[in-house]
2 protein chains.
Amino acid sequence: MIEPDAAAAWRSAAVEATSDGDAIELVELFFFAYRDFVGDADRLLEKYGFGRAHHRVIHFVNRRPGLTIAALLDILRITKQSLNRVLKQLLEAGFVEARAGVVDRRQRLLYLTPQGAKLARDLAALQSARFLKVMDELPPAARGAASEFLFAMIDSDERERVRAHLACAKSAGGAP
Amino acid sequence: MIEPDAAAAWRSAAVEATSDGDAIELVELFFFAYRDFVGDADRLLEKYGFGRAHHRVIHFVNRRPGLTIAALLDILRITKQSLNRVLKQLLEAGFVEARAGVVDRRQRLLYLTPQGAKLARDLAALQSARFLKVMDELPPAARGAASEFLFAMIDSDERERVRAHLACAKSAGGAP
DNA sequence: TATTTACGTCAACTATATTGACATAAATCT
DNA sequence: AGATTTATGTCAATATAGTTGACGTAAATA
């Protein structure tokens, strides 16, 4: 076999150097990959009458219980008015709850209710499943490269913040 | 040095197997990476009064000159009414032109005008630049893995179509 | 006490998508 | 040739997710 499959062909072509044409292909692959990636969750959210905006709130509150409004706005990069609309819906529907901050009572610390936690688990399971399947399909040597690649795609002046977010979420999610 | 950087640490952790927790990290990295990736183009489009929807049309018409409306709808997965709004703007602003199909005169074959082609080049340059920089930062062995990873992230029943699209665009873009 | 901070809210607007109905011209089937 | 299907355009109403700007309130802080 001269060309086992197209993915392998791209790979071998890109090992030495990456041309401008290859980069455009990556642009398109990224577009299609993200489209399908969010599609999984969209179908589940529809059953609850929620959209992607609700998903993002549920996701990040799940990852960092006790998140403040300001911190969430900083992650999502939207205005408080825009967040407030979806957050209000999630609060009223009983998926998220807000407790007054203990150190600073102006802050509203966000937590998922059991119902919200279940939806978060279901959504995470869908999206994790895609990644786990992908990692299974990929040769072992390429697996770590995926996260390195995604991390490198983030604005360099944002990486430290993302790294801190991941580390914080890891400790928050891990210990009881 | 025990831990040169966080990306390498994730890599070594993921080489053997990918856990559920790792997958959630990938979900977040994908979110942040896509957010920053589209941000580049957004800032340029703003100067023209265009949005992401216009970008997608310009991108795919540039990649496949002579694309029909139906083919574009199939790629973008939106309704004709939604496409029509942005397409009309692009036609009126002189970035895209439509010629009647030669074999089937009902079809409107889409092409970029010189002005549209310039914007397409500028947008592509921005997004390619990010990928080229990323590929430069990544160890050579990880470069091909990026496209393999993105391709694997696409719905399996869609991959053939995407592969065909890339092959077609490659030949269309290459020859004069 | 004065000011700043964290957050909520009302209002108007934009961009992008949807569904549904209907129109037209060209291709194709019978 | 007439009937039907196909490719596309268009009008209208609606939904979601975002924006800017202005104003309010309670709590922390200078």
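All of these numbers come straight from a predicted model, not from anything done at the bench. Atom set for the values below is all heavy atoms of this structure, side chains included, hydrogens, waters and symmetry mates excluded. In what follows, chains are A, B, ... by sequence order, proteins preceding strands, each numbered from 1.
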Judged by nearest nucleotide, the residue sitting upstream toward the 5' end of DNA chain C, F50(B) or D104(A), is D104(A)
Nearest-angstrom distance from the residue atom CG of N84(B) to C1' of dT8(D): 8 Å
Base, sugar-phosphate or nothing for R52(B)? Non-hydrogen atoms, less than 4.0 Å. sugar-phosphate
Between dT25(D) atom C1' and Q107(A) atom CD, what is the distance in whole Å? 16 Å
E92(A)/K88(A) salt bridge by N-O under 4.0 Å criterion: no
Check: R106(B) side chain, dT8(D) base, donor-acceptor under 3.5 Å: no
Classify the ring geometry between H59(B) and H55(B) as parallel (under 30°), tilted (30 to 60°) or perpendicular (over 60°). perpendicular
Would R99(B) pass as a cation-pi partner of Y111(B), given that its NZ or CZ must be under 6.0 Å from the six-membered ring centre and within 45 degrees of the axis? yes
Does a side-chain N or O from S82(B) land closer than 4.0 Å to OP1 or OP2 of dT16(C), or not? no
What is the distance, to the nearest angstrom, from the CZ atom on R85(A) to the P atom on dT20(D)? 14 Å
In whole angstroms, the gap separating P of dT19(D) from CG of L45(B) amounts to 17 Å
Does some side-chain heavy atom of P139(A) sit less than 4.5 Å from a side-chain heavy atom of E148(B)? yes
Using atom CG of L87(B) as one end and atom P of dA7(D) as the other, report the distance to the nearest whole Å. 17 Å
Rounded to whole Å, the NZ-C1' distance (K80(A) to dT25(D)) equals 11 Å
Between CG of L109(A) and P of dA6(C) the distance, given in whole Å, is 13 Å
Would you mind reading off the distance between L90(A) atom CG and dA17(D) atom C1', rounded to a whole angstrom? 14 Å
